[in-house]
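Remarks on the structure that follows.
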Amino acid sequence: MGTVGIILAGGRGERAKPITLESADYIRSKALIPFVGRRLIEWVVDACREQGIRKFYVVAQGLENRSQIMLLLGHGERYGVEVRYSRPSFDRYNVGSGAATLHNLEEWDLREQALVLPVDSVFDFSLAELEATHRANNAVVTVAAVARTPAEVAGKYGAMQTDESGLVSGFVEKPGLDRIHQLFPEVRHDNCAMIPTNAGMYLVDCDRLRQAAREPELMRKAQQRLDWGGDLLPELVLRGLPVAAHHIARLGDLGNVEDYLITLKDVLGGDYPQMNQLMAEPASASPRYWIHESSLATRDDVTGTTLAAKIEDGSVRIGPGVRIGRYVAVGSDVHLEYADIGDGVELRAGARLSRSSCGDAAVIGSYADISDTYVGPMVEIQSDRENPVRLEGYTAIGDGVQLWPGSRLSGVSIYPRLRVPAIANLPSGTRLTSSDDILRWI
């Protein structure tokens, strides 16, 4: 019997705002966040299907989350898989990732082996190797682990302590640096020492996990908020059940704007071979970039020349790690590197984009200088040579925003559909959520 996939897709995506917002009061499911030309949940399904998983169970939450995912995936026919969803009547039990998993294992009567995955991360891993570790340790749960430095772990990731056999002996949820030095004394004296962290992906023996969850104390906890990392895994280890750790090649977190953009650059740069295999063949191998043929043939409305001609004569420079979708219009003197450009985008003359994402049908004005920034669909950045717009420092511009010429923003988030006059010197971390917020800074 093969492994099935369980996708935990019910999160609200609060940390990823405004990427997860279609309007100020309408949250897009994390599963539907756009990433490198597709939605996140599509990457998850395709990556797992390529490793032999053909049946998926999706844990959804609420009307909007469930309907958005079902409209995209249906029951899996387009993807060559079978997809089933959690029942709406179970939403009240889906309080925490661990509780949601346990309740739905019972509802679906799963007894085989299942790979439990979050929907806000991308992975590079071998399912066969994960299964081999699972069998070798006769584990109830095998945790996918990523090695990180103490500085990376501190306050952000759950760390795992393991014994000589590779079984997990303890979990610490987001420890500070002092606590890390207490628990992992070897890292204090070795700058190269790495700590195994919980990647949020678990291979589970469904039958044995269900048996463990029927113990009265764990049943009681499952009626409250029960997360995998902070609650369920420590409980299993405390009860002496075998929980193994298996190191995977790479994990990319997409839970907030900064992590989204860092992971985007890594994917476009070729650091996720499994995802790159799922992408189309690059239009150029060195530098490596992807440009849809319709965009190569699209003429800009100023010079009337195609993108292909401008690349050939050097008036447009495409660096490494660039993906350009369909029917994109690119003006002269545009420079791109490590940039994901959606369908129907207009890049006007002199624009520069690096380490950034640009959503479908956005308009990037002339001489805009954009780095480390998320630009949502239908955004209009009004920029010109005399008053260029500059965006940097993990800025995020929500869907349909209009930015006026001369704006200078670093580390600022703007919620959807706002019209923002030229503003400079906003403190990093500022969120403009309404017109009232804008008025405070004018």
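In what follows, every heavy atom counts, from backbone to side chain, and hydrogens, waters and symmetry copies are set aside.
Using a 4.0 Å cut-off between charged nitrogen and carboxylate oxygen, D340 and R323 count as a salt-bridge pair. Between R66 and E64 there is no salt bridge, since none of the side-chain N atoms of the basic residue sits less than 4.0 Å from a carboxylate O of the acidic one. Looking at D266 and R355, no side-chain N of the basic residue comes within less than 4.0 Å of a carboxylate O on the acidic one, giving no salt bridge.
The distance from atom SG of C48 to atom CZ of F125, rounded to the nearest 0.5 Å, is 4.5 Å.
Considering all non-hydrogen atoms of both residues, R288 and N276 come closest at NH2-OD1, 3.3 Å. Taking both residues in full, the closest heavy atoms of D124 and Y272 are given as OD1-C, 3.6 Å, listed atom of the first, atom of the second, then distance. The two residues S357 and L261 make their nearest non-hydrogen contact at N-CD2, 4.2 Å. Taking all atoms of both residues into account, the shortest heavy-atom contact from P427 to V412 is O-CG2, 4.1 Å.
A donor atom on one side chain and an acceptor atom on the other are found under 3.5 Å apart for E131 and T3. Of the N and O atoms on the side chains of S165 and D163, at least one donor lies less than 3.5 Å from an acceptor on the other residue. With 3.5 Å as the limit, one finds no donor-acceptor pair spanning the side chains of S86 and N104. Judged by distance alone, the side chains of R208 and N138 do bring a donor and an acceptor atom under 3.5 Å apart.
Using cut-offs of 30° and 60° for the angle between ring planes, the W108 and Y57 rings count as tilted.
Using a distance-only test at 3.5 Å, with no hydrogens or angles considered, a donor-acceptor pair links the side chain of T197 to the main chain of V146.
Within the structure, ring-ring contact (aromatic ring centres under 6.0 Å, His included) pairs that include any residue of residues 233-263 comprise F35-Y260, Y260-Y374 (at least two apart or interchain). Every pair tested for ring-ring contact (aromatic ring centres under 6.0 Å, His included) that includes a residue from residues 137-180 fails, sequence neighbours excluded, so the list is empty.
No more than 12 heavy atoms of other residues, nucleotides or ligands sit less than 6.0 Å from atom CD of E293. Atom CG of D178 has 12 or fewer neighbouring heavy atoms from other residues, nucleotides or ligands inside a 6.0 Å radius.
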side-chain hydrogen bond (donor to acceptor under 3.5 Å, both in side chains) evaluation trace for S371 with E392: CA-CA 5 Å; S371 61; E392 59 187 4; 4.6 Å; no
